Amino acid sequence: MKTALGAEALLVSIALITLTGCSMTDANDSSSLPSAGTSTTEEAARTVKKVSSEIYDLMGIMGKASNSGAGVTECGGKDPEKYFQIFHPWSFTPASPEQLGDVMERLKEDLPEHGWKVVEYGPDTSKNKNVRLTADNEKERHSVKIWHYAKRNPPKMSLMVVSGCYQVPEGEKVDRF
């Protein structure tokens, strides 16, 4: 159990580093996360889950999504008492494994029609050549990274949705969860 939790924490850390390095940036400062506006951590967590739900709907197949919660992390280099970023890791296991074959290609085609820009698509460098897709939504100030693990038993998809950098409203504090 501890190994599984440690592996999940490592995956979250790697995904956050990877996602925050993609093209979702403010025009004025290409090295920083974009501003996602002002929000409480609870409101921002609801927003990231809504974004995840919209991506789930775009998959277009039946299956089971994990019931994982959103988390809060710092916005690199900014005051951690005022600024935060939300991440939502989850996985999807299809009702029928054969259905996963076309999902990544469909997402690559459909995400741009819903405000997303696909910034990376193709096999990773692993032995299994897992397909991964990274997309940014400039309007929503969120990014998603999706991995298709076709050779796992059962085959599944892992997703990480990450927000831009929020600032808490005046008088509020960043809640860590």
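The structure displayed is predicted, hence computed values, not measured ones.
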Does the Ser66 side chain pair with the main chain of Ser91, one donor and one acceptor, at a distance under 3.5 Å? yes
Close side-chain approach of Asn128 to Tyr149, heavy-atom, < 4.5 Å: no
Any residue meeting side-chain contact (heavy atoms from CB on, under 4.5 Å) with Ala36, in chain and number order, not counting sequence neighbours: Arg141, Tyr166
Do Ile55 and Val144 have side chains that get closer than 4.5 Å, going by heavy atoms? yes
Among pairs that include at least one residue of residues 47-66, which meet salt bridge (charged side-chain N to carboxylate O under 4.0 Å, His left out), considering only residues two or more places apart or in two chains? Lys50-Glu54
Under the side-chain contact (heavy atoms from CB on, under 4.5 Å) test, which residues partner Asp124, sequence neighbours left out? Ser126, Asn130, Arg132
Taking ring pair (Phe, Tyr, Trp, His ring centres under 6.0 Å) as the test, write out the residues that go with Phe92, two or more places apart. Tyr56
According to a hydrophobic-cluster definition based on side-chain heavy atoms being under 4.5 Å apart (Ile, Leu, Val, Met, Phe, Trp, Tyr only), do Leu58 and Met62 belong together? no
Please assess Phe84 against Thr73 for the test side chain to side chain contact (heavy atoms under 4.5 Å, CB included), listing each intermediate value before the final yes or no. CA-CA 6 Å; Phe84 66 96; Thr73 190; over 6 Å; no
So how far is it from Met160 CE to Thr134 OG1, rounded to the nearest 0.5 Å? 11.5 Å
Under 3.5 Å, side chain of Ser143 to main-chain N/O of Asp136, donor-acceptor pair present? no
In a table with atom names and distances, give each donor-acceptor pair under 3.5 Å that connects a side chain of residues 100-111 to protein atoms at least two apart or in another chain.
unit_1	atom_1	unit_2	atom_2	d
Glu105	OE1	Tyr121	OH	3.3
Arg106	NE	Met59	O	3.2
Arg106	NH2	Met59	O	2.6

Does Pro80 offer a backbone N or O that forms a donor-acceptor pair with the side chain of Glu74 under 3.5 Å? no
Go through the structure and list residues passing side-chain contact (heavy atoms from CB on, under 4.5 Å) with Pro112, not counting sequence neighbours. Val118
Among residues at least two apart in sequence or on other chains, which ones pass side-chain hydrogen bond (donor to acceptor under 3.5 Å, both in side chains) with Glu98? Ser96
Side-chain donor-acceptor pair present, Lys156, Thr93, cut-off under 3.5 Å: no
Could you give the distance from CD1 (Ile86) to CZ (Arg46), rounded to the nearest 0.5 Å? 10.5 Å
For Thr47, all residues meeting side-chain hydrogen bond (donor to acceptor under 3.5 Å, both in side chains), sequence neighbours excluded: none
Going by the rule side-chain hydrogen bond (donor to acceptor under 3.5 Å, both in side chains), which residues pair with His88 if we only count those two or more places apart in sequence or in a different chain? Ser52
Rounded to the nearest 0.5 Å, what separation is found between the NZ atom of Lys117 and the CG atom of Asn137? 12.0 Å
Please check if the side chain of Ser39 supplies one atom and the backbone of Ala44 the other of a donor-acceptor pair under 3.5 Å. yes
Counting heavy atoms not belonging to Lys129, are there more than 12 under 6.0 Å from its NZ? yes
Give, for atom CH2 of Trp116 and atom NZ of Lys139, the distance between the pair rounded to the nearest 0.5 Å. 12.0 Å
Keeping to residues at least two apart or across chains, list the disulfide bond (SG atoms under 2.5 Å apart) pairs with something in residues 95-124. none
Walk me through whether Glu120 and Leu133 qualify under side chain to side chain contact (heavy atoms under 4.5 Å, CB included). CA-CA 5 Å; Glu120 178 185 36; Leu133 180 151; over 6 Å; no
Nearest-0.5 Å distance that lies between atom CE in Met157 and atom CZ in Arg152: 13.0 Å
Approximate separation, where rounding is to 0.5 Å, of His148 NE2 and Leu159 CG: 11.5 Å
Ignoring hydrogens, what is the shortest heavy-atom contact between Phe177 and Ala70? Give both atom names and the distance. CD1-O, 3.4 Å
Once side-chain contact (heavy atoms from CB on, under 4.5 Å) is applied, do any residues pair with Lys78, and if so which ones, sequence neighbours excluded? Cys75, Tyr83, Cys165
Within the structure provided, determine whether Val161 and Phe87 are in side-chain contact (heavy-atom separation under 4.5 Å). no
Heavy-atom pair with the smallest gap, counting every atom of Gly69 and Pro89: O-CD, 3.9 Å
